[in-house]
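Okay, structure first, notes after.
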Amino acid sequence: MGSNSVRREGDSLMVGLGETPPSTDLFAEDLFADRVVLVTGGGTGIGKAVALAFADHGADVAVVSRNMDHLTPVVEEIESRGGRAYATTVDVREYESVDTMTETVVEEFGGIDVLVNNAGANFLTPTELLTPNGWRAVVGTILDGTAYCTLSVGEHMIENDGGAIVSMGATNSVQGAPYHAHSGAGKAGVHNLMQTVASEWAVHDIRANTIAPGIIETEGVTEAAGGELPEEILQDIPAERFGTPADCVPTVLFLTSPAAAYVTGGYFAVDGGQLLASSPF
Ligand SMILES: CCCCCCC/C=C/C(=O)SCCNC(=O)CCNC(=O)[C@H](O)C(C)(C)COP(=O)(O)OP(=O)(O)OC[C@H]1O[C@@H](n2cnc3c(N)ncnc32)[C@H](O)[C@@H]1OP(=O)(O)O
Ligand SMILES: NC(=O)C1=CN([C@@H]2O[C@H](COP(=O)(O)OP(=O)(O)OC[C@H]3O[C@@H](n4cnc5c(N)ncnc54)[C@H](OP(=O)(O)O)[C@@H]3O)[C@@H](O)[C@H]2O)C=CC1
C-alpha cells in the first residue's frame, strides 16, 4: 500500500489507493433493475467485469464481440447468478453487422438503456513499421467501432426517451507517445466523438462520457505489449500498481446511473495517477 492511502484494517470501504471493493459493496443491488445494458467486447477483460457487475445490480445484459467462445461463459455466469443475459456476435468495424446486433438485442430485451463501447484493439509498433492494414485494424475497431455502435444504438435511444453511453478511451489519447500512433489517435477521436454526442443529444436525454483506463492488467493489454507488461512502467504510476478490471467497474456504473444525471461529455481517467506529471527532481 502506498504512503498516501488512508485505510483501516478489514474495512472494505477504505478511501485511498488500495484495491477497489466489489461494486456490490458500493452500489444498490437494484441500481439497474429493469434496465438493458449492451457491452461490446463483454466477453473478456474490462468488458467482462463490467457486464457481470451490471448484472449483479439487476440489469439485463447483452454481451457482444466477434467470438462466441468469449461470450457464452459470461452469459452462463450471469444466468447462474440469477440474472438475464444474451450474447450475439458482431464485428464493430462493419456497420451492417452493428445494426443487426442492435436490432437483435432490442428484439431480445425490448430496448437498450446503456451502451458501453468497450471493444478495443491495440499493438505497439514504431510508426514507420505500421502498415495501412495495421492502422485500419486498430482505428477501425476503436474509432469506427465506437462510432458505428453509438450511431446505431443512439438512433434507438433517441426514439426511446434517452440513455447513457460510456466509451473506453485510454490515457494514451492525451498526448503522443512512442508506438501508439493508431491507438492514441483512435482513442483521442473517441473522446472527441463522445463530447460531440453529449452536446447534441442532451436534448434527447442521452448522456455520453469517456473513461480512460491507464494500464489495466488484462490478457489483451499483455498481448498488445508483446507478451509482458514491463515492471519499469510502475515507476510512472503513483499508485505503484497496475490497475485491474475491477478498478474500472465503479466508474462505469456511476456514469451510467442516475447519480450522474448532470454528468455528460466528461473524461474520467482510471489510471492510479499515471497522467500526472512525474517529479522534475
Ligand atoms: C505497455 C503498455 C501498453 C499500454 C497501452 C494502453 C492503451 C490501450 C490498450 C488496449 O487497447 S489493451 C486491449 C487490446 N486488446 C486487443 O488488442 C485484443 C484484440 N486484438 C486483436 O484483435 C488483434 O491483436 C489485432 C491485430 C489488433 C486485430 O486483429 P485482426 O485479426 O483484426 O488483424 P490481423 O489480420 O491479425 O492484422 C491486421 C494488420 O495488423 C498488423 N498487425 C497485427 N498485429 C501486429 C503487431 N503486433 N505488430 C505489428 N503489426 C501487427 C498485421 O500485420 C496486419 O497488417 P498487414 O500485415 O496485413 O499489413
Ligand atoms: N487494458 C488496458 O490497459 C487498457 C484498455 N483500454 C481499453 O479498454 C477496453 C477493454 O480493454 P481490455 O479489456 O484490456 O481488452 P481485451 O482485449 O480483453 O478486450 C477487447 C475486446 O474487444 C473485442 N473486440 C475486438 N475487436 C472487435 C471487433 N472488431 N468487433 C467486436 N468486438 C471486438 C474482443 O472480443 P473478440 O475477440 O471476441 O471480438 C475483446 O472482448 C478496450 O477498448 C481498450 O482499448 C484502454 C486503456 C488501457
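These figures come from a predicted structure and were not determined experimentally. All ligand and atom numbering here is 1-based and tracks the order in the structure.
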ask   = Is there at least one protein heavy-atom neighbour under 4.0 Å from atom 44 (N) of ligand 1?
value = yes

key: Shared hydrophobic cluster for I215 and F123 (ILVMFWY, side-chain gaps under 4.5 Å)   = no

task = Give a yes/no on ligand 2: does G169 have at least one heavy atom closer than 4.0 angstrom to it?
result = yes

query = With a 4.0 Å cut-off, strictly under, does atom 17 (O) of ligand 1 pick up any protein heavy atom?
reply = yes

ask   = Quick one: which ligand 1 atoms are inside 4.0 Å of a heavy atom on N172?
value = 7 (C)

ask   = What do you reckon, is CZ of R35 surrounded by more than 12 foreign heavy atoms closer than 6.0 Å?
value = no

key: Short N or O distance, A170 and ligand 2, threshold 3.5 Å exclusive   = no

ask   = In the protein, what heavy atom is nearest to atom 17 (O) of ligand 2, and what distance, to one decimal place, separates them?
value = G220 CA, 3.3 Å

request  = Give a yes or no on whether D34 atom CG has more than 12 heavy-atom contacts from other residues, nucleotides or ligands under 6.0 Å away.
outcome  = no

ask   = N133 to ligand 1: N or O pair under 3.5 Å?
value = yes

key: Heavy-atom gap N122 to ligand 2 smaller than 4.0 Å   = no

key: Side-chain heavy atoms of V37 within contact of D113, under 4.5 Å   = no

Side-chain heavy-atom pair T150, I165 within 4.5 angstrom cut-off = yes

request  = Decide yes or no for I78 and R81: does some side-chain heavy atom of the first lie under 4.5 Å from some side-chain heavy atom of the second?
outcome  = no

ask   = Got a donor-acceptor contact below 3.5 angstrom from the T222 side chain to the E228 backbone?
value = no

inquiry  = Closer than 4.0 Å and a protein heavy atom, does any atom meet both conditions relative to atom 52 (C) of ligand 1?
reply    = no

key: Pair Y267-S173, side-chain hydrogen bond (donor to acceptor under 3.5 Å, both in side chains): steps then yes or no   = CA-CA 11 Å; Y267 182 86; S173 72; 3.3 Å; yes

inquiry  = Under 4.0 Å, counting heavy atoms only: does N118 come that close to any atom of ligand 2?
reply    = yes

ask   = Can you check whether a protein heavy atom sits less than 4.0 angstrom from atom 12 (S) of ligand 1?
value = yes

ask   = Going by heavy atoms in the side chains, are V221 and L229 under 4.5 Å from each other?
value = yes

message = Closer than 3.5 angstrom, by distance alone: can the side chain of T104 be matched with the main-chain N or O of T100 as a donor-acceptor pair?
response = yes

More than 12 heavy atoms from other groups under 6.0 Å of OH on Y95 = yes

ask   = If you count the atoms of ligand 1 from 1 in the order shown, which ones are under 4.0 Å from a heavy atom of E223?
value = 24 (O)

query = Should G214 be listed as contacting ligand 2, given a heavy-atom distance under 4.0 Å as the test?
reply = yes

ask   = Can an N or O of G120 be found at a distance shorter than 3.5 Å from an N or O of ligand 2?
value = yes

remark   = Contact region, I46 to ligand 2, non-hydrogen atoms below 4.0 Å, reads both

message = Tell me whether R66 has any N or O atom under 3.5 angstrom from an N or O of ligand 1.
response = yes

inquiry  = Would a single hydrophobic cluster contain both W201 and Y148, if residues Ile, Leu, Val, Met, Phe, Trp and Tyr are joined by side-chain heavy-atom contacts under 4.5 Å?
reply    = yes

query = Taking N or O atoms only and a 3.5 Å limit, does T125 qualify as a polar contact for ligand 1?
reply = no

query = Counting heavy atoms only, which of K48, R66, M68 comes nearest to atom 37 (O) of ligand 2?
reply = R66

remark   = Under 4.0 Å between heavy atoms, the region of H70 that gets near ligand 2 turns out to be side chain

query = Any protein heavy atom lying closer than 4.0 Å to atom 47 (N) of ligand 1?
reply = yes

request  = From the options G134, A121, G140, G41, select the one whose nearest heavy atom is closest to atom 39 (C) of ligand 1.
outcome  = G134

task = Using a 4.0 Å heavy-atom threshold (strictly under), name the region of K187 that reaches ligand 2: side chain, backbone, both or neither.
result = side chain

ask   = Which of the atoms of ligand 1 are close to H180, meaning less than 4.0 Å from one of its heavy atoms?
value = 4 (C), 5 (C)

inquiry  = So, regarding G47 and ligand 2 (criterion: nitrogen or oxygen to nitrogen or oxygen, under 3.5 Å), is there a contact or not?
reply    = no

key: Per-atom contacts, ligand 1 versus A137 - under 4.0 Å to a heavy atom   = 38 (C)

key: Nearest-contact summary for atom 14 (O) of ligand 2 - protein heavy atom, Å   = T218 OG1, 2.6 Å

Shared hydrophobic cluster, V106 / Y86 (ILVMFWY, side-chain heavy atoms < 4.5 Å) = yes

query = With a 4.5 Å limit on heavy-atom distance, are the side chains of V252 and V116 in contact?
reply = yes

message = Quick check on contacts: which atoms of ligand 1 are under 4.0 angstrom from a heavy atom of A225?
response = 1 (C)

ask   = Given side chains that start at C-beta, do those of C248 and I211 come closer than 4.5 Å, heavy atoms only?
value = no

query = Is atom 25 (C) of ligand 1 less than 4.0 angstrom from some protein heavy atom?
reply = no

request  = With heavy atoms under 4.0 Å as the rule, classify the contact between K187 and ligand 1 as side chain, backbone, both or neither.
outcome  = neither

query = Any N or O on R93 sitting closer than 3.5 Å to an N or O of ligand 1?
reply = yes

query = Identify the closest protein heavy atom to atom 49 (C) of ligand 1: which residue and atom is it, and at what distance?
reply = F123 CE1, 3.4 Å

key: Min side-chain heavy-atom separation L193-T146 under 4.5 Å   = yes

request  = Please say which of H182, H180, K187 ends up in a side-chain contact (heavy atoms from CB on, under 4.5 Å) with V138.
outcome  = H182

inquiry  = Any nitrogen or oxygen of T131, side chain or backbone, less than 3.5 Å from one on ligand 1?
reply    = yes

ask   = What part of D91, side chain from CB on, backbone N/CA/C/O, both or neither, has a heavy atom under 4.0 Å from ligand 2?
value = both

ask   = Are F32 and H57 close enough that their ring centres sit under 6.0 Å apart?
value = no

query = Do you reckon V166 sits in the same ILVMFWY cluster as L38, going by side-chain contacts under 4.5 Å, direct or chained?
reply = no

task = Compare T171, L129, I215, T222 and give the one whose heavy atom is closest to atom 2 (C) of ligand 1.
result = I215

query = Under a single-linkage definition using a 4.5 Å side-chain heavy-atom cutoff for Ile, Leu, Val, Met, Phe, Trp and Tyr, are V61 and V153 assigned to the same hydrophobic cluster?
reply = no

inquiry  = With the threshold set at under 4.0 angstrom, would you say E219 reaches ligand 2 through any of its heavy atoms?
reply    = no

query = Are I206 and I158 close enough that some pair of their side-chain heavy atoms sits under 4.5 Å apart?
reply = yes

task = Going by heavy-atom distance to atom 19 (C) of ligand 1, choose the closest among A119, A170, G120.
result = G120

Interfacing atoms of ligand 1 (cut-off 4.0 Å, heavy-atom, V221) = 12 (S)

message = Any heavy atom of M168 closer to ligand 1 than 4.0 angstrom?
response = no

